[in-house]
Each structure stands twice: as C-alpha cells, then as structure tokens.
Student: 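Encoded as structure tokens, here's the structure I'll be asking about.
Each chain gets a letter, A, B and so on, in the order its sequence line appears, and its residues count up from 1.
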Amino acid sequence: RDQIQVAGSSTVLPYAKIVAERFGETFTNFKTPVVESGGSGAGIKEFCKGAGEDTIDIANASRAMKDSEVESCKKAGVTDIQEVRFGYDGIVFATDAAGPDWQLTPVDVYKALAAKIAVDGKLVDNPNTKWSQVNSALPDWDIAAYIPGEKHGTREVFEEKMLIAGCKEAGGIEAATASGLDEKGAEAACKAVRKDGKAVDIDGDYTETLARIDSNKQGVGVFGLSFYENNADKLKVATVSGVTPSVETVASGEYPVSRPLFFYVKKAHLGIVPGLKEYVEFFLDDQMVGPEGPLAEYGLVPAPDAERQEQRDAFTGGKTM
Amino acid sequence: MTDITASSLPVAAPPARRDIGLKKRYAAEARFRMYGIAAITFGLVFLAIMLGTIISKGHTAFWQTTVTLPVTFDPTLIDPQNKRESDPSVLIKANYDKLAQQALISKLGIDAKSKPEVAKLKGFLSDSARIQLRDMLVANPALMGQTVTVPILASANIDSAFKGQVDLTVPEARRKVKDQQITWMNQLAAEGTLAEKFNTGLFTYGASSRPETSGVGVAIVGSLYMMAIVLVLALLVGVAASIYLEEFAAKNRLTDLIEVNINNLAAVPSIVFGLLGLAVFINFLGMPRSAAIVGGITLSLMTLPTIIIATRAALAAVPPSIRQAALGLGASKMQMVFHHVLPLAMPGILTGTIIGLARALGETAPLLLIGMVAFVANYPATPFDPATALPVQIYMWANEAERAFVERMSGAIIILLVFLMAMNLTAIVLRRKFERRW
Amino acid sequence: MNVMNEQKIEEAVKARMTAGTNEVIKMRGDKVTVHYGEKQALFDVDILIRENQVTALIGPSGCGKSTFLRSLNRMNDTIAGCRVGGKITLDNEDIYDRAIDVVELRARVGMVFQKPNPFPKSIYENVAYGPRIHGLTRSKADLDEVVEKSLQKAALWNEVKDRLHDAGTGLSGGQQQRLCIARAIAVSPEVILMDEPCSALDPIATARVEELIDELKQNYTIVIVTHSMQQAARVSQRTAMFHLGYLVEEGPTEKMFTNPDEKRTQDYITGRFG
Amino acid sequence: MNVMNEQKIEEAVKARMTAGTNEVIKMRGDKVTVHYGEKQALFDVDILIRENQVTALIGPSGCGKSTFLRSLNRMNDTIAGCRVGGKITLDNEDIYDRAIDVVELRARVGMVFQKPNPFPKSIYENVAYGPRIHGLTRSKADLDEVVEKSLQKAALWNEVKDRLHDAGTGLSGGQQQRLCIARAIAVSPEVILMDEPCSALDPIATARVEELIDELKQNYTIVIVTHSMQQAARVSQRTAMFHLGYLVEEGPTEKMFTNPDEKRTQDYITGRFG
Amino acid sequence: MSGLTAFLFVLVVGLIAFFAGAARARALDDGKIKAHSRPQYHGAWAMLLAVLPALGFLIVWSFGSGAYLNKQIDERVIAQTSEKSAVSDTLVRSLADGIKRLDAPANTNPPATMSELMPLLAGKGVTLAPDTQDYMIPIALDANSMASRFGWLGGLGALALAVLGALYGIRQVAVRERARHKVERVMLGTLFSASTIAILTTVGIVLSMLFQTIAFFSEVSPWSFFFGTVWDPRFAAAGSGGSQGQFGLIPLLAGTLYIALVALLVAVPVGLMSAVYMAEYASRNVRSIVKPALELLAGIPTIVYGIFALVTLGPWLRDISAVLAGGSPFIQAQSILTAGLVMGVMLIPVVSSLSDDIITAVPQAMRDGSLGLGATRSETIRRVILPAALPGIVGAILLTASRAIGETMIVVLAAGVAANLTANPFEAMTTITVKIVNQLTGDLEFNSPQTLVAFALGITLFFVTLVMNIAALAIVRKYREQYE
Ligand SMILES: Nc1ncnc2c1ncn2[C@@H]1O[C@H](COP(=O)(O)OP(=O)(O)OP(=O)(O)O)[C@@H](O)[C@H]1O
Ligand SMILES: Nc1ncnc2c1ncn2[C@@H]1O[C@H](COP(=O)(O)OP(=O)(O)OP(=O)(O)O)[C@@H](O)[C@H]1O
Ligand SMILES: [Mg+2]
Ligand SMILES: [Mg+2]
C-alpha cells in the first residue's frame, strides 16, 4: 500500500483534508492520503481492528480515546498508539445575523433547555417557553434551540460546560440531591435536555443547523467556531459569560466552551506505510497547525506554542499510550 | 348487394332507454381520469420544483471566475541561490505564491511596498495558483525567466462575490471578501482580465479543501466503476435469480423462503449493507478499503432485490399461452424462457434496473462504512484503488462550512441527474424496442 | 363433403320458409370502410340488420367479418390505428356520432369474442360483472338469479353450479366460451354480436346455443359470424357473405343458400371456392 | 369399462394382425388417469393410436379430450397441480419414463392448441422458430423454404406472403390458427396433436387443413380433437368418444358413425345427447 | 505466466473446444438417427468441460500458491530477524513488486543495498516503506522467481486441464448424447446459485450484526429494549455505564411504521393512478416522456429531498398551519407529515413504473371483454385490469414500503432525530434506520451499548420486516388471479 489511510471524526475531517491535500502537493513522491469521514467511534473501531496492510493508519477523533477502546485495541494487536492533540474546537451559540445581540450565561442555557430546573430549591418541569422568561435581558423569542445530537462529541461538551455548570450555579444540584438523588443522578438530572420540541437535536452537520436557523429566524444554534467564522455573514454569535468567542479567546481559555481535537497514529505502521511519518510531522509543523497556518485560518483554535512543541516532541520521541 | 327495396323498410323504434346510471358512471370515469392526470401532474410538478431548485442553485457551478495574468518565472524569486542544477527539489519548494502575487500587483498597479495593500491581496487568487505554476515550470524548465500569460483561478470568495452571491450590505468585518478586493475585482473585470469561464475543473478535479479546485472527477470515475459493477452483477444475478424462482423453482417452502427473503432484503436499510460489505468483503475477504470494487459489490447486493422483484413481476405477466406455444414446439424450458419469456419481460426488467440503478447511483450510507465517504484527491486507476462516488461528493460538499461548496453541490447533483437521464434514455430506447401488447 | 352439407343446408332452409316477414331495421351500415393503419380491411359495406332476426356473416377467413362485427359496437376504437369510415346507425342514430355514448352503445350492442376471454375472476363474478357495472340488479338475490339464468341460457349451469366461485380460467375451452356468452347475455343487450360463438363448442352445446339464439331473437337482434354453413342455415334469417373486405351479397338465408345472385357465394357455400 | 376396453384392444390387435401390413401402434395409453389437484379429469383411459392414421377424439365439451391430448406430449407437465397416472407409450417407450427427454418428445409429438397462440413476433419468425431451435435447416435459404412450405401447407401462404415480417398477432383469428398449424408442421414431428384446429377456420381453410391432414398422414400420425362429427367422419380412420372423463368407445370411424357399440356414442353422434 | 494470460488461454481452448465439438456433432449426424442435441450444445458442453475445471484449478492454485509464497517469505524473514513481525512479509512483497517494475538487468539483479536500490525505485515512481531492509532484497528476488515459476506451473496446469477437458468433451460427442441436458443443467445450476445469493446476503447480514447484538443484550436487558417506551441512550462517556441510557424500541418502531405509512399513502395512490393513466389513457408519446420523467424522481439523491423538506416544505406547512389556526402553528416544521410527503414523492416512480409495466402486460382480450360488455374504461381498469395485475402491483407496493422503511436522509432532515412517541402526524418522530445510522457514525465509544444498539436495531428491523413480508406473501397468494 502506498497511500496513507485516515478515518474518523467528521469534525476533524476538514482539517485533515487541508493537511492531506497540502501534503500531497508538497511531497510529490507520495500520494495524497485518503481521509474517511464516519465519526470518531467508527474511526477508532477501524483503527483498533488490528495492525497490517489492510487496516487504517490514523484515526481522527473529536474526543480522547476511551480506556475501554485502548483495551480492545491492544487485544487486537494494536499495542503502540501515539496520541496527538493538535488543537481545539470552540463551540459557539449563534442566531440569525439580522437578530439582536445575545449575551448568554450557562445559567440561561440551563434554565431554557434543561428538562427539569430548580425553582425555589425544588426540581420542576421546565416551565419556560420564552427566552425573556429565562432572563429579561434576552429577547422575547420562543425558545427554539438547535443543539448537537447525542451522536456528537460536541453534545458532551455542551452538557458539561453549559448545562452542568449552569445547573450548579442555579442550585440545581442541591435541588436534585434534596429530592433524593445521589451525586451521579443529580448530574444526570442537570444535563437532561427538555424533550418538548423546544430543544431540537441535530444529528447532521452544522450546515443542517444553519438551514434550521434559516427557516426559523428566531432559533438559536450551536456551532463549531470554524463553521461560524466561515458563515459570519449569516450568523450572529452570542457571548458566553461576557466573552466573545474567537480563536484568541478560546486559545487563552477565556471563552469557556471548547474541546480538544485528536488524532491517533498506529506506531507499527510508521515503518511500513510510506510517508506516514512525514505526514504526521507535516501536520504538526507550525506551517500547518500554527496560528498563521491554514488550519487556524479555517477556524481551528491552535494549541499554545509550548503544547504544540510538546506534541511534536512526544511524537518524534515515540511516546505511546 | 343489398336490395334497394330494403332501404324503404321502417326503422326500429328505439326501445325505452334503460337506466344504466350513465351520468354517474361518466362522472366516475371523468373523476378517474382526473385522478390520473392529477397524479401525474403532482409528480411532474414536484419534479419541476426539485429540478428548478437544483438548477437555479447549481448552474453557476459550471462557471468559474478566472484571472488571466502575465506571470514572469523570475529566477531570482524561484531559485535565488541558483542551485536547481544540483538540487531539483528547489523547483518544487520555491515560493510560487509570490510569482502570482507579483503578477497581480503589477496588473493592478499597486505599490508593492505598501504592506497593508499587499496584505489585502491575500485570498484574492486561489491557493492553487502555486501548484499550477509549479507544475508548469517542472514540466517545462525552459520557462524559467520567461513571461507567460496564465489563467489563474480566483479564490472561491472572489468567485462568489463576482457571481453576486455575497451579500455586500453586511458589514465588511463579517464578510470574507473585503471592500478593497471588490474594487479590484471590478477593476479587473472591466479590463477583461477577470472573467467567468466554463468550469472544466468541476469535471476533472478530485476532492479538494479549496472550493475552486474541487471537482467530481474522481467521484465520476468511482461512480462509473461502481455502476458498471452493479449493472453487470445485479442485472445478471438478479435476472438469473428471477428466472430460477419464477420459471424453474418448485413451489415449495424453500422457494417461499427465498421469495420472502428477497422482499425482506429490499427493506433492509442501506447502511446495513454497508455493515455487510465491511464484515464480508473487507474484513473477511480482505478486499481493500475505500475501493470501488467493494462499493460496487455492496451496492449490487442492495440493488438485487429491486431488480428481482421487478423482474419476477414482469416474467409472471407473460401470458401462459406463449409459454405453451413454445413448449409445444419442442422448445426446452430454458429455450422457452430465453427466447420468448425474457424478451417479453424486458420492459419490466429495464424498469426495475433503472429504479435500482438510480438508487445505487444516489446512495451514500452503505459507502460510509466501507470507507468510500472520504477525501480522495487522486484518480483511481483500477476499481481496487481508493475512490469516492458522486453522491458521496454531494454529501460531503453539503456538509462543508464554506458557502462556495453549496453551488458545487448543486452542480454535482445536476451532473448526477444528467447521468440518470442518460440511463433513462437508454432504457426508453430499449423499452420501445421490446414493448408489445398482446 | 359437399353432398352431405348441401343436403343439410336444404333441410334447414326449408324449415325456415314458413317464417313470417314483418321486418324492421335495427342497424344499418352505409359505405362502411375500415383501415388498420395502411391496410384497408373493409370496402364500402352497405348492409341492413333487421330487428328480431338473426343475421349471419359468412366468408373465408380474413375477409373482414370480425372487423365488421367489431365496428358495429365500436370495439374497433380500442385498436390503435384502426379507422372506420362511412356511417353505421342503430335505431337510425349514427353510432359514430359524437353525441353517441360508446358505453351505452356497447351495453345495447353486446359482444361475444372469437377467442374466449373470461376474466381472471370466479365464474360467478364473470357473469355478475355486467349487471353490476350497469346497476341492473337491486339486490344480491336478483343478481344471483341473473347469474343463474344467464348460465342456464348459455347451457353451462349444470356443469358449474357447484363451483361458481372457482376461477373462470380453469374451465375447458368450450366451457370458457359458454361462460363468455352467459356474461354477454347477463347484460340483456338489444343487439348481440357473436364472433363464432360455437367454434369451441361440441355439437350438444352448439345445439343449445343455437336454441338460445333462436329464443333470444324474440327479443333481441343478433348478428353472428360463423364458419359453419349449416349453422348459418339453421339459425339465421339473413345471411351476408364477405370476401376480401367486400360485402359480396346479402339476402334472406333461404335465397342465399339456394339461389344466390353471385357466383362467388354459390361457390363458397358449396365449398368449391378458393 | 375395462372389460370392454380390453376387448377392444384385443379386437384392435386382432384387426392389426389380420390387416397385417399397415397397422402399427404408434402410441398407446394404458389406464391413463389425470387429476387437476383434487379434481379427476380422466379415468382409466386405454387407447391405441395407430401409425399413419388419423385418430379423432370426440365428446361433449369438458369431457377431457384436451386433457388427454395434452397428456400425449406431456404438455400437462406445465400445469401446476396436474398429475398423470397410468402409462403412455410412444414407439413402445414410456413417455413418462425418467429417461425420456420431454423436449425431444415434444419435438416428436407436436401440438396445435385450441386457442391460437402466435408469438408476438413476425409471421416468419413464428414459423422459423421451431426449425431454428431444432437445427433442422442448414442455411437461410433452407429455412425460407421450410417457412414457405409450411405456410403453404397450412393454406396461409397467399394471404401473408407479402407481409411475412409483420406481427403474427395482427392476423385474424383464423389466420392466427393457420399460422399455429404452419408453425407446428415446420418442425415435422412424427405425431401431430391438434386441438380443434379448424374451429376458427372457414370451410375453405378447413377443407385445406383437412386435405393437409390427409396428406400428412402418409408420413405422420395424427390425433385430432374436433367438435364436428362431419369433420371426424371425413378425416379420421379411428374415432374415440369421451364422456365425463371416461373413454366410452374407440373404433374405426366407419363403425363408430354407423354402428357404435355404445348407446351414448350413438346418441352423441346423432345429436340426441345431453 | 500471469493469471490473466492463463485465463485467456483457457478461454481460447474453450472456444476451440466449442467449435470442434459442434463440428464433430455435425459430422456424426448422418441423418439416420435423430440427434438428441444440436451441434451448438455439444460444442457448448465441450467448452464447459474445458473451461470450468481449468478455471477452478486456476483459482485454487493462485490462492494456494500465494499462501505458500507468503509462508515462505515469512519463514525466511523470521530466520533473518528471529522475531515475528506481522508486517515484514508485506514489506518484502511490495519490495518484490517494486523490483519487478525495474528495467531489464536490475529487475533480476538489483543492487544489494537499499540505499542504492531506493533511487532506482523512486525513478519508477515506487515508494517503499522506510523499514525495508537490505536483507529483504534477496528474499524479494527469490519470491519473484518463485512466483513466476508458480505462475507458469499454474498456467500450464490449467491449460493442460483445459485441453484434457476439451478432448474429453469432444470425445463425448455422440448422436444420442444428451448435451443439451447437460448444458442446461449447468445453466440451471447457475440460475439456482444466483437465487441463493439472496439467502447468502441474508445470512451475511445477520452474521455481521449478530455478535454485536449479543454483546448489546449482555449489557441491556432485552425486555427494556423491546418494550421500553423511552429512547434516550445518553453517553457512555459521562462516566456512566450503558445501563444509564434507555434503549426503548417502541418509539422508533412506531415512528418507522408511521412515516412509512404516510409515505405509502402518498406514493401508492399517486403512483398507481399515474401508472393507470400512462398505461390506459395516455398516448404512446406522452407515456414515453412522462414515465422516465417520473423515474427521475427516484434518482434525485435523497439528501436533496431532505434539504427541500427542511428549508422549503416544512416551514411552508408550518406557516400554513399558523395561518389556518390563526396564530400558533399546529404543524411543526419537522413532522411526520413532511417526511412522509417528501418520501412519498420520491417513491412515486417505484409504484408507477413497475405497475405501468404490469398493467401493460395484461392481455388486450381482458380489456376487450370488459369494454364489450359496456363497461367504461375506468370500470374496466378498476374491476378487471387492476385485479389481474394485482400480484405485480402488490410486489411494487411492497418494494415501496421497503424503501420507505429503509430511508434515512429524508427522515433526518424532515422529521428530525427526536424519538418521540406520538400519534399526531404534525409532530416530529424518528425511525429505526435513522438511529442505526446515527449511533454507528457518531463520536460514540465503539464498544459501548450506545453504538452496539445499532446492531440490535438492525436485526430487529430485519425481523419485523420479515414478518411483514411473510404476511404479505400469504395475502398475495390468496388474491392471486391468473389470466388466460
Ligand atoms: N387447468 C385446469 N385446472 C383445473 N381443471 C381443469 C383445468 N383444465 C381443464 N380442467 C377441467 O378438466 C375437465 C376436462 O377439461 P378439458 O379441457 O380436457 O375438456 P375438453 O374435452 O377439451 O373440452 P372442450 O371441448 O370444451 O375444450 C373440465 O371439467 C375442465 O373444467
Ligand atoms: N389489429 C389488426 N391490425 C392489422 N390488421 C388486422 C388487425 N386485425 C385484423 N387485421 C386484418 O384485417 C383483415 C380482416 O380481419 P378479420 O379479423 O376481420 O377477419 P375475419 O373475417 O374475422 O377472419 P377469421 O374468420 O379468420 O376470424 C385480415 O386481413 C387481418 O389480417
Ligand atoms: Mg374473425
Ligand atoms: Mg378442449
């Protein structure tokens, strides 16, 4: 086989595509790698199927590999896996460009979208139907939020960083424990999203979310930062806790909602698949993944300089999981 | 001849008209006809709407904004140390962006020293100019030092702006095209340097992360491979299976089992065929990932039930008297089937094939699991090389963040539909040939 | 063969002689021409069809008998490329007139085809079909009666009464043809066109159908195509002889069989023709 | 029944013995029974079919003539649920034996059906089909000749010679039937089974076919189902009378028509039956 | 000799056998005894005898020799490195392939070290893995020569078999030889094997989902899966095991059937009426345009329908309902209605085209029979033609229903992914297929019940449709009407 095969997350796909294309252009003696889409889960599954010519070399993931996955990888003979964290993805709330400015906090989001919210220390079914009921500073719109579906890793981040955070702040945890739930149950209660049609799961990509906002101008959507930046003329981004999301604010950690992006390399393939090593090094080069590189231009939040160096060193050093 | 006297005979008085409910029946007849027309109109109107949307969105994809610039292959820029004799890789690594930029600067008459001005040029020309110029020089090193007029693609954003797809009323900060670039664009367009040209690249390029250089070339080849495989496998196997089941199989439990089975396979979600393809062809038989061969076989299995069901219905519709006539002449059953029944069933078989192929041609989900929903830039030389397919390209473009991909997606859909129409046309011709009433 | 036939025919004709003659015209063809695409199948046929009489159409195969018969109830309309010229009237109304309703026409002018064509339904449903669509019966009992009567008239009742709900296509050829006759009778049309109704029948059944025809002519007008001279002689009052698309001669059956005007008729009837 | 039949067969055998020269048994049925699913359509039929003779099968509609005919070349095999019992031999070979090739059998025992069933192909192709699949001709010219001969024998040539390449389904009913006869002859089988071949034919064509049958019997053995007693009398040497699934009587045609052993035969032939 | 050449040679021998067999049969036919089969069949039988065993041998041989070669390479690599590496044999093989592509002297006698060999190979556009070692070069060379030896052996063997087969076949030619039988038996065998592919596919599908399904049921009780009314699988990731999610099948199954029903309610009447109109009323020209035009509907990618439903039809229906209700809309933008409608449109041609063919195939005599009784055309169609065409039409409808059940993209975009349990067609629901796709292609952990449930859903759907099909078959049997 003379072509690198990559599979996995569709969030990472655009970045991997850019790198693959440029890799093919720069290293004319190697073919352009094939980058499959199909989701982190499916990618890791293929990755963990075994080592050898007929298995993929790299799995892209928008979440870290789970321990159980590493386990099954090892069982299948994929013992040496190199993890590369190449940057971050900011998660933003946005509305139609023509609408008013939005300032959100995790509490607002929790109160608007959770299935049960704490009112006077008790958990009750979410009574809110308009954003203005949640927070009088918000517009008088019916609540209609397009949030990532449960297949997406983004959903986890959304629950973690918005719902649970908002829940804690709004006293939902206490209310839940007061109603007799243990700690785990309380968290689960916090992040349960209402199912009355006001919060709509989107299992497709952000283009679908954008189309929904197009057809419902009073909807709020959750997007990746990169997607928003590419469609800034159609969307208006909301601040979260007063911070406007941008590559800078996410990179500095000011903006709270973001997640790391990964890819995993099969170390055993480095010596076998021509160009694999070069590809990974090319990916991690500042030319690609740095603040001035095309990935950042597309919307990737680059990792801080030190972290990038650390990742490069870890890869060349052959560090495995 | 009739005797003349006969005509003087009295004519029968018409009997009392029976009431056979004619009024009502004709109303029913008219209604029935109306339903038919309404049904067809409904279908056609929908077709028109769908085609209208697709074409109105996609026709612009067939045009691409191009800037024709005189580019000087300046050795001092390409090979400042003059090492190209000893190290050919210099030619590959050189800064070709600069060449294009210089050409543009001199064309626009900008002050090359004004940094902010020059910075705004970034993103005016396609990033692919670099590769284009490099390939030109590598292919013909004699160009070094010469000035050549090269058509260079404008970037996707400029392309959109030039096609009027960018809302210029939006504040500059929230657009990807800056006001200065628009001014330049208009300036170049007025000179005739910048113009829309037929987008051959759409047909020849493979996948790319740059909208302006992405095309369906690889996808078309992949789809063609797969369609060829599906046509051969599904049609042959499908017709063979139908013949066996309809004409030869004893009517017993096993036949029922197979029949139910086939009907059931038609209801299996297409992605499950992807699971099957992954498990059987890739994991078990060790066929390559992302390859058209696996895709083709998988889609064949998916198309098979459709073809079998249609073919069986068509075979069953051939009147028994034809079969008897053939058998009575001493034709064997095999001859009866292949000489008479099959040709008579042909229109139905063709219909099934068209519907099956149309589905196979537009299907993405099963390809997802066998790795064909992928970024593939190189052309597949054989069906065993990585490839994508038209619907996959459509699907992937539909999910791109950049707006410019939307028009490409619609363009790709138009191409897909043209494929389909070509198939349909063949079917019409064949059907006309075979169709008979008896 | 000829000797035997002639004898028979004479006998039949003699039996007819006594019949009275109060004749009324039911249908009339006036310079009827029929084309199938390029090919002309009928040339200027002028004919009168008398009420309550049986008119037999005879002539060699392919001479246009079926074609003419089909043009009498506009069954030709269903054949692509078939054009009818001239004028055909029923009770003095032009049946090709735009004002004429073809459905009503066919309900009034019923037809039995050359090839038996039962519907792929039960025997009962086959016969009940006509009365049902025309709404001729009020109740199930009525319908049952019509079905039974029709089957009896068609001399099929005894054979099928125990399996009325079996498929009509499972009958023998002759049974199928009788089923088709029963089906046509069930609608009680004014004119019944029969295209060789007995060609698939055995003598007994043929005799029954002939009896039936004789009976029916009290109330109906009948046009029958037949290849059997004896049959024509037995059942018909008038005979029309076709040849190569032309109506050669038409006249009272007795006259046609004993003393035709045309040599061709004579030759055909005595089997010397060809 | 059996006693009588055995007697007959003995008689027949004796007759052959005495005739000595020209009576050879071509086919033989031995306690043939046929069931359609539950329904038994034939009961213990014992019959001898003599070479180079015409055997006519007569009997009222639905009595099993077609069924018996079809069992002679195993066309019944194609009907689901149809079972044949007893034994039928051709040249002393059991045709229901496993070693027998049914295709070859049908090439040797050809068939013309009750309803004309031309292929939806051209007239030429209809006739040429049999010789083609059996490889009876070496060249196109040969084939043309066979087609022409067959159409001539079936008395159809003159009518269709100018439109050999038009569809066979566009012919008139009688023409279609003659086309089917031509098609069957073209294969030159040893035995030809004809299921009312003339029912759709006019007297002229009928006479031609009868002549043809007469001619064919020089070389072939012919079994014909007919509803016309005259026809049976004219063309056949032997006649078999069926009733309700039983073979009532079989014998030389003269005897059957003048002095049958069975009352039922007598009644049927004289039309008194039913 | 490469496999392809051998294959071609075998075919040539087959052709020769065909002509020789046919010629011999022709020569033997002296016209005295009637030949059983025509010469072509004798030829074909000889050809089959020549080709089939030879090809079988060729296939077995190439697999066998390939496996043997790999084993040899493996052993020698292990002997060199004294450690077992799963992949070094692939390195040797790609090296061997690379060497084969070199020019004349180098391809049998290449330089001994990789550093010298690399540039040569690079010149031929061959990229080699970085781990390729010097010691692999002689192994690769040996492998190449061995492979070519095997190739020759196999090719000659196949050829010999072909010739033997051909000779045997030709010798077998005799006047009473039942060649046609044998050829037709082979054909029948082929036809039969084709029909078993359907069964094999089913087996494959079940097997490819079975183990994961079992794994799923070991974590989630079948009871709560089959009878659960809540679908809320949650994340395995949030620290919680699979048991935390709820995997109720009922809302998905209900959604599947509901949406399919609505789609059928659109597709069947419209499709059937279109078919009837095309077959019975429209002129030949109209028909030959309308039919393929409608078929185009089946070919428009479903994503286009989905987008149409999402951005045009859904909002439009919502707004209409808002106007009707005077204020708040009672139709949601995403609803069963929208999905069913759009899917129904997509399925129109499946019903219409197939039914049209079947209706056209009903013999004219049926029409004549009815028209001759004074039936109007619509009566003829409704009472005679449609019943006669029923089995085929039912087949078409079954196919339509199947497609409706299996469709994903339209449902995702038009009816959403929320697993509600409702009877209101104006609300959102989702289907089993949608969940299969989503659970399989998400970021979920691949061996968690959240992903495995996709397999359980797949198998369940498989059996649900199986039961439906068995029922349909029984119904069709009952109402089957055979004409003539
Ligand atoms: N396919 C069939 N299925 C069931 N019963 C049948 C079938 N074909 C014929 N029969 C029955 O078998 C009996 C004999 O039928 P057959 O066709 O042999 O009669 P026949 O003597 O040829 O009559 P006809 O002169 O009317 O053609 C009849 O009662 C008929 O209804
Ligand atoms: N549908 C058709 N298309 C073309 N020609 C036709 C068609 N039907 C009949 N013909 C031709 O018209 C002529 C008259 O046919 P018609 O069926 O009226 O004959 P017929 O007198 O009924 O003969 P028969 O006694 O054999 O049934 C014949 O030459 C026939 O070939
Ligand atoms: Mg006729
Ligand atoms: Mg019969």
Student: Counting only non-hydrogen atoms closer than 4.5 Å, does B:Ala310 touch chain E with its backbone (N, CA, C, O), its side chain (CB onward), both, or neither?
Tutor: both

Student: Can you tell me which portion of B:Leu245 sits under 4.5 Å from chain E's heavy atoms? Options are side chain, backbone, both or neither.
Tutor: side chain

Student: Given that the side chain runs from C-beta out, which part of B:Phe419 has a heavy atom under 4.5 Å from chain E: side chain, backbone, both or neither?
Tutor: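 For B:Phe419, there is no contact with chain E at all, as no heavy atom is under 4.5 Å.
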
Student: Less than 4.5 Å to any heavy atom of chain E: does that hold for the side chain of B:Arg31, its backbone, both, or neither?
Tutor: neither

Student: Contact part of E:Val345 toward chain B, heavy-atom cut-off under 4.5 Å: side chain, backbone, both or neither?
Tutor: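 Contact with chain B involves the side chain of E:Val345 alone.
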
Student: Can you tell which part of E:Tyr305 gets under 4.5 Å to a heavy atom of chain B, answering side chain, backbone, both or neither?
Tutor: both

Student: Counting only non-hydrogen atoms closer than 4.5 Å, does E:Val286 touch chain B with its backbone (N, CA, C, O), its side chain (CB onward), both, or neither?
Tutor: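 No part of it gets close to chain B.
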
Student: Given heavy-atom pairs under 4.5 angstrom as the criterion, report whether the side chain, backbone, both or neither of E:Leu354 touches chain B.
Tutor: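 Both backbone and side chain.
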
Student: Step by step, work out the side chain to side chain contact (heavy atoms under 4.5 Å, CB included) result for E:Phe463 and B:Asn264.
Tutor: CA-CA 9 Å; E:Phe463 284 106; B:Asn264 195 39; over 6 Å; no

Student: Contact part of E:Ile199 toward chain B, heavy-atom cut-off under 4.5 Å: side chain, backbone, both or neither?
Tutor: both

Student: Against chain B, label E:Val276 side chain, backbone, both or neither, depending on which of its atoms sit under 4.5 Å from a heavy atom there.
Tutor: side chain

Student: With only heavy atoms counted, which part of B:Leu257 is less than 4.5 Å from chain E, the side chain, the backbone, both or neither?
Tutor: side chain

Student: Select, from B:Thr364, B:Leu417, B:Leu425, the one with the greatest count of heavy-atom pairs under 4.5 Å involving chain E.
Tutor: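 With the most close heavy-atom pairs to chain E, the winner is B:Leu417.
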
Student: Report which part of B:Phe42 has an atom under 4.5 Å of a heavy atom belonging to chain E: side chain, backbone, both, or neither.
Tutor: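 It is the side chain, since no backbone atom gets that close.
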
Student: Please state whether the side chain, the backbone, both or neither of E:Ile303 comes within less than 4.5 Å of a heavy atom of chain B.
Tutor: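 It is the side chain, since no backbone atom gets that close.
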
Student: Side chain, backbone, both or neither: which part of E:Leu297 has a heavy atom under 4.5 Å from chain B?
Tutor: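 Contact with chain B: backbone and side chain both.
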
Student: Counting only non-hydrogen atoms closer than 4.5 Å, does E:Leu188 touch chain B with its backbone (N, CA, C, O), its side chain (CB onward), both, or neither?
Tutor: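 It is both, since atoms from each part get that close.
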
Student: Evaluate the side-chain proximity of B:Leu276 to E:Thr201: yes if any heavy-atom separation is below 4.5 Å, no if none is.
Tutor: yes

Student: With a 4.5 angstrom heavy-atom cut-off, which part of B:Leu361 approaches chain E: side chain, backbone, both or neither?
Tutor: neither

Student: Got B:Ile355 and E:Ser353 here, is their nearest side-chain heavy-atom distance under 4.5 Å?
Tutor: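 Result yes, sub-4.5 Å side-chain heavy-atom pair found.
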
Student: Where does E:Leu461 contact chain B at under 4.5 Å (heavy atoms): side chain, backbone, both or neither?
Tutor: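 For E:Leu461, the side chain is the part near chain B, not the backbone.
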
Student: Out of E:Arg180, E:Glu184, E:His181, E:Arg185, which residue meets the side chain to side chain contact (heavy atoms under 4.5 Å, CB included) rule with B:Met334?
Tutor: E:Glu184

Student: With a 4.5 angstrom heavy-atom cut-off, which part of B:Leu350 approaches chain E: side chain, backbone, both or neither?
Tutor: neither

Student: E:Glu295 and side chain to side chain contact (heavy atoms under 4.5 Å, CB included): which partner among B:Leu420, B:Leu47, B:Ile428, B:Asn424?
Tutor: B:Asn424

Student: Verify, without hydrogens or angle tests, whether B:Glu29 (side chain) and E:Arg377 (backbone) share a donor-acceptor contact under 3.5 angstrom.
Tutor: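 Yes.
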
Student: Is E:Thr441 close to chain B through its backbone or its side chain, or both, or neither, when contacts mean heavy atoms under 4.5 Å?
Tutor: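 Looking at E:Thr441, just its side chain touches chain B.
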
Student: So what's closer than 4.5 Å to chain B heavy atoms on E:Phe308: side chain, backbone, both or neither?
Tutor: side chain

Student: Counting only non-hydrogen atoms closer than 4.5 Å, does E:Ile307 touch chain B with its backbone (N, CA, C, O), its side chain (CB onward), both, or neither?
Tutor: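 For E:Ile307, side-chain heavy atoms alone lie under 4.5 Å from chain B.
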
Student: Please classify the contact of B:Phe338 with chain E as side chain, backbone, both or neither, using a heavy-atom distance under 4.5 Å.
Tutor: side chain

Student: What part of B:Ile40 gets within 4.5 angstrom of chain E, counting heavy atoms only: side chain, backbone, both, or neither?
Tutor: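 Contact with chain E: backbone and side chain both.
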
Student: Say whether, by atom type as modelled, one donor and one acceptor occur between the side chain of B:Asn263 and the main chain of E:Asn469 under 3.5 angstrom.
Tutor: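 Checked: no pair found.
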
Student: Between B:Ile243, B:Val272, B:Asn283, which shows the greatest number of heavy-atom pairs under 4.5 Å with chain E?
Tutor: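 Heavy-atom pairs under 4.5 Å are most numerous for B:Val272.
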
Student: Heavy-atom cut-off 4.5 Å, strictly under: side chain, backbone, both or neither for B:Tyr35 against chain E?
Tutor: both

Student: Counting only heavy atoms closer than 4.5 Å, note whether B:Leu390 contacts chain E via side chain, backbone, both or neither.
Tutor: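 Contact with chain E involves no heavy atom of B:Leu390 at all.
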
Student: Are E:Arg382 and B:Phe32 in a cation-pi contact, defined as NZ or CZ under 6.0 Å from the six-membered ring centre and within 45° of the axis?
Tutor: yes

Student: Could you walk me through whether E:Glu379 and B:Arg25 pass salt bridge (charged side-chain N to carboxylate O under 4.0 Å, His left out), step by step?
Tutor: CA-CA 9 Å; E:Glu379 284 160 354; B:Arg25 286 166 66 193; 2.7 Å; yes

Student: With respect to B:Pro269, which candidate in E:Thr431, E:Thr408, E:Ile436 satisfies the side chain to side chain contact (heavy atoms under 4.5 Å, CB included) definition?
Tutor: E:Ile436

Student: Which answer fits E:Leu207, side chain, backbone, both or neither, if we ask what part of it has an atom under 4.5 Å from a heavy atom of chain B?
Tutor: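 For E:Leu207, no heavy atom lies under 4.5 Å from chain B.
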
